[in-house]
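Below: the structure, in C-alpha cells.
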Amino acid sequence: MRTPTVVDTTVVVAADYFQSYSVVGLLAVVGVLFVAVAFGAGRLLRPVVPTPEKLLTYECGVDPVGEGWAHTQVRYYVYAFLYVIFAVDSIFLFPWATVFAAPGYGATTLVEMFIFLGFLAVGLLYAYKKGVLTWT
C-alpha cells in the first residue's frame with residue numbers, strides 16, 4: 001500500500017482549482033458565442049433598404065429643425081442631485097437595518113444612522129432655505 005505524498009495532494013488541489021476556473025471560462029465562451037450568433041443572425045435576417053429618410057438624424061420622433069444646442073435650466077440638475085442624495089440614503093438604511101438586529105451593534109448603529117440622517121436633514125434645510133424646493 002502506498003502512502004500519499006505532498007506531490008499527490010498538490011496535484012489534486014491544483015486540479016480542483018483549475019476545474020472551477022474552467023467552468024467559468026466555458027460559461028464565458030458560451031456567453032460570447034450566444035451574443036455573436038444573435039448579432040450575426042440579426043445582420044443576416046434584417047432587410048437592408050437605405051432611403052434618404054432613414055439616413056436623417058433622428059431624435060425621439062422629432063425632426064431636426066434649428067440649432068443643435070438647447071438651453072436647460074439649472075434647477076433640473078438640482079432636482080437630480082436631491083434625488084441622488086435620497087437614493088443614497090435609502091441604500092445606506094437597508095444595511096443599517098440588518099446590522100441593527102445583530103447583537104452588540106444596536107446602539108452604535110442607531111447613533112450612526114441618526115448622524116447620517118442629520119447630515120441629510122441639514123442639506124435638505126439648506127436646499128429649502130435657498131428656495132430650490134419651490135416650483136416656479
Side-chain angles (χ1 to χ4, degrees):
M1 178 169 282
R2 184 171 164 255
T3 60
T5 62
V6 176
V7 175
D8 292 335
T9 57
T10 306
V11 169
V12 170
V13 170
D16 288 341
Y17 180 76
F18 287 118
Q19 182 183 5
S20 62
Y21 275 113
S22 64
V23 171
V24 172
L26 180 65
L27 187 62
V29 168
V30 168
V32 168
L33 284 175
F34 181 76
V35 171
V37 167
F39 276 113
R43 178 168 269 221
L44 290 174
L45 297 176
R46 72 178 179 210
V48 180
V49 185
T51 61
E53 290 84 18
K54 288 183 180 179
L55 298 176
L56 282 177
T57 305
Y58 181 76
E59 177 90 27
C60 299
V62 179
D63 290 330
V65 177
E67 296 181 20
W69 292 95
H71 296 287
T72 305
Q73 294 186 6
V74 176
R75 68 177 176 201
Y76 296 120
Y77 294 110
V78 174
Y79 290 126
F81 285 133
L82 287 173
Y83 170 75
V84 167
I85 288 171
F86 288 108
V88 169
D89 174 33
S90 65
I91 288 171
F92 279 124
L93 286 179
F94 287 114
W96 275 331
T98 57
V99 171
F100 184 71
Y105 291 104
T108 306
T109 305
L110 191 63
V111 169
E112 289 175 354
M113 190 181 319
F114 278 116
I115 290 172
F116 181 72
L117 291 175
F119 281 125
L120 286 178
V122 168
L124 186 61
L125 182 65
Y126 176 77
Y128 177 75
K129 293 285 187 182
K130 285 290 193 178
V132 172
L133 300 178
T134 56
W135 190 264
T136 55

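Just the heavy atoms: all of them, side chains too, but no hydrogens, waters or symmetry mates, feed the values below.
Hydrophobic clustering (ILVMFWY, side-chain heavy atoms < 4.5 Å, transitive): Phe119 and Leu117 are in distinct clusters. Linking Ile, Leu, Val, Met, Phe, Trp and Tyr residues whenever their side-chain heavy atoms come within less than 4.5 Å leaves Met113 and Val122 in two separate clusters.
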Would Lys130 and Tyr126 count as a side chain to side chain contact (heavy atoms under 4.5 Å, CB included) here? Give the steps. CA-CA 6 Å; Lys130 285 290 193 178; Tyr126 176 77; 3.2 Å; yes

